[in-house]
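Right, one structure below, let's go through it.
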Number of protein chains: 2
Amino acid sequence: MVDEVDGENVNQVVDQGKGVSDTPGYELPLLLFGAFRTLIDRLHARLAEEGHPDMRPAHGFAMQAVGAGGATASEIGRRLGVSKQAAGKTVDRLVALGYAERIDDTHDARRKLVRLTPHGHDALHRSAVVFDELRAEWVAALGGERVRDIENGLREVVPAETAFRLDATSWLGGA
Amino acid sequence: MVDEVDGENVNQVVDQGKGVSDTPGYELPLLLFGAFRTLIDRLHARLAEEGHPDMRPAHGFAMQAVGAGGATASEIGRRLGVSKQAAGKTVDRLVALGYAERIDDTHDARRKLVRLTPHGHDALHRSAVVFDELRAEWVAALGGERVRDIENGLREVVPAETAFRLDATSWLGGA
DNA sequence: TAGAATCGACAACATGGTTGACGAAGTCGA
DNA sequence: TCGACTTCGTCAACCATGTTGTCGATTCTA
């Protein structure tokens, strides 16, 4: 419980030789993004080997938004934090790639249910397996405790609703 | 040095109640991205308050690629990991926003040096300050030691040349 | 039953990428 | 010195993803 007394807190940057000075703040986002990016790159390298060469990060997020039970384009848009029009276009691409299909809703003629195809389910399942394997590599490199420390630290610092928001792709490019 | 003997290594997932089982691997990328995203969102909220309302994450990366001494569009493209044409378009936008300017090279008539304007330097300087402040907030929340542990852990797990690559923006959307 | 809300689609546009091609300019070897 | 590369910036066409606004069809609801 005693962890605020290690003599080098908040902004007591001493600036006497780099050994004492804190890590510059800009490294944190670069390390976080680099780690994220490495995981995603390796995931897609693996997926490409296993029958999903055309899958992109955006597709994974979109398929997660479709979910096991399917969803409408509007609902997918809400989950991804984009407009229903943008979601509709993304679904177009998923359909073109064979990851999803549209089915008329018999109860509501306005709606079209988007469902994952077996190919889509396969991609999602393989992704989960690969992510577990990648985490196991981290554990092999850092030890289980340090990986858990990283996860727990990040959980404390990122708002829960932010961590699991699916609108990952949209946000970098645009507004 | 003894950190591989804590009884729960690599894939000894026991699957007897979730307390013992490891965190699912897919959480790691979500936490990393959530943390990155939170930092970047907060940076740009601050920058918007301080005279840079139109600055986007992509602009920050591009300006970093321009650097203090300036660079040509081709060089910027190399640093960002995109084509020189894409870099040229990005520079167009930086120029339009007043963050950069193009200057003819007197020694090589093919080249046009891209340099940051004072407005651009201001944005970069403010970004560095804000990132330091955001890191200080993490230190206040987690303690200096845990933040350093996260940074060091990530450094071990992400290849050094990946962490500081500047082609962050390009990568999510496209191939 | 009339008005409001929702659904999917279309159109027009911005942004940020890609390739391919091109002329102008610099480099270098025979 | 001259010809063959190479490099630089730019243009054009295209793709992928977003945005707003509009629309007809349908469903919900007061």
Side-chain angles (χ1 to χ4, degrees), chain A residues 37 44 54-63 65-66 70-97 99-115 165-175, chain B residues 37 44 54-63 65-66 70-97 99-115 165-175:
Chain A
R37 177 208 176 106
H44 284 278
D54 295 322
M55 191 171 157
R56 299 279 165 261
H59 303 146
F61 280 98
M63 282 193 271
V66 173
T72 67
S74 293
E75 178 60 25
I76 294 167
R78 268 178 242 119
R79 291 181 192 168
L80 291 175
V82 301
S83 65
K84 60 181 180 175
Q85 294 92 331
K89 288 195 215 178
T90 301
V91 172
D92 286 344
R93 278 162 237 130
L94 289 181
V95 170
L97 289 169
Y99 287 119
E101 57 187 350
R102 284 192 175 93
I103 297 145
D104 287 332
D105 187 320
T106 49
H107 301 304
D108 185 339
R110 293 170 308 177
R111 307 172 85 231
K112 286 179 186 167
L113 191 65
V114 179
R115 267 196 333 204
R165 271 170 68 188
L166 291 171
D167 56 339
T169 20
S170 45
W171 99 204
L172 250 188
Chain B
R37 177 208 177 105
H44 284 278
D54 295 323
M55 191 172 156
R56 299 280 164 262
H59 303 147
F61 281 98
M63 281 192 271
V66 174
T72 66
S74 294
E75 178 59 24
I76 294 167
R78 269 178 243 118
R79 292 181 191 169
L80 291 175
V82 301
S83 64
K84 61 180 179 176
Q85 295 91 330
K89 287 198 217 176
T90 301
V91 171
D92 286 344
R93 280 164 231 129
L94 289 181
V95 170
L97 290 168
Y99 287 120
E101 57 188 350
R102 283 193 177 92
I103 297 144
D104 287 332
D105 187 320
T106 48
H107 301 303
D108 186 339
R110 296 169 306 174
R111 307 172 86 231
K112 286 179 187 169
L113 191 65
V114 179
R115 266 196 332 205
R165 271 170 68 187
L166 291 171
D167 55 340
T169 20
S170 45
W171 156 114
L172 252 188

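Chain letters run A, B, ... following the sequence lines, proteins first, then strands; residues in each count from 1.
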Can you measure [X] atom [atom1] to [N] atom [atom2] for me and round it to whole angstrom units?
X	N	atom1	atom2	value
B/R56	C/dT15	CZ	C1'	11 Å
A/I76	C/dG8	CD1	C1'	12 Å
B/R111	D/dT6	CZ	P	19 Å
A/L113	C/dT6	CG	P	19 Å
B/K89	D/dT17	NZ	C1'	14 Å
B/D92	C/dG16	CG	P	11 Å
A/F61	D/dG18	CZ	C1'	16 Å
B/M55	C/dT15	CE	P	16 Å

**Report entry** Non-neighbouring partners of A/R78 that pass side-chain hydrogen bond (donor to acceptor under 3.5 Å, both in side chains), sequence neighbours left out
**Finding:**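 Partners of A/R78 under the side-chain hydrogen bond (donor to acceptor under 3.5 Å, both in side chains) test: A/E75.
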
Report task. May I ask you to say what A/S74 touches in the nucleic acid, namely base, sugar-phosphate or nothing, with a heavy-atom cut-off under 4.0 Å? Result ->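 The residue A/S74 makes sugar-phosphate contact but no base contact.
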
Query raised in the report: With a non-hydrogen cut-off below 4.0 angstrom, is A/A86 in contact with a base, only sugar-phosphate, or nothing?
Result: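 Base contact.
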
Protein-nucleotides 24-30 of chain D N/O pairs closer than 3.5 Å?
unit_1 : atom_1 : unit_2 : atom_2 : d
D/dT26 : O2     : A/R110 : NH1    : 3.4
D/dT27 : OP1    : A/A109 : N      : 2.8

Considering only [options], which nucleotide approaches the side chain of [X] most closely?
X	options	value
B/H59	C/dG8, D/dG9, C/dG16	C/dG16
B/T72	C/dT19, C/dG8, D/dG9	D/dG9
A/T90	C/dT18, C/dG20, D/dG18	D/dG18
B/K84	D/dC8, D/dA12, C/dG17	D/dC8
A/K112	D/dC8, C/dG8, D/dT10	C/dG8
B/S83	C/dT19, C/dT15, D/dT17	C/dT19

Query - Any side-chain heavy-atom pair of A/Y99 and A/R93 under 4.5 Å - result: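 SC-SC contact between A/Y99 and A/R93 ruled out.
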
Query raised in the report: Does the side chain of B/T72 reach to within under 4.5 Å of the side chain of B/V114, using non-hydrogen atoms?
Result: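 B/T72 vs B/V114: side chains apart.
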
Query raised in the report: In Å and rounded to the nearest 0.5 Å, what is the CD to OG distance from A/Q85 to A/S74?
Result: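 So the CD of A/Q85 and the OG of A/S74 are separated by 8.5 Å.
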
Requested in this report: Specify the residue among B/Q85 and B/R78 whose closest nucleotide of DNA chain D lies further upstream toward the 5′ end.
Outcome: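 Nearest nucleotide further toward 5': that of B/R78.
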
**Report entry** Shortest non-hydrogen separation from B/L80 to B/A62 and the atoms involved
**Finding:**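 Distance-wise, the nearest heavy atoms are CD1-CA, 4.2 Å.
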
Query - Main-chain N/O of B/E101 paired to B/R115 side chain as donor or acceptor, under 3.5 Å - result: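 No, because the side chain of B/R115 does not come within donor-acceptor range (under 3.5 Å) of the backbone of B/E101.
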
Query raised in the report: Is B/R110 salt-bridged to B/D104, cutoff N-O under 4.0 Å?
Result: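 A salt bridge is absent here (no side-chain N lies under 4.0 Å from a carboxylate O).
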
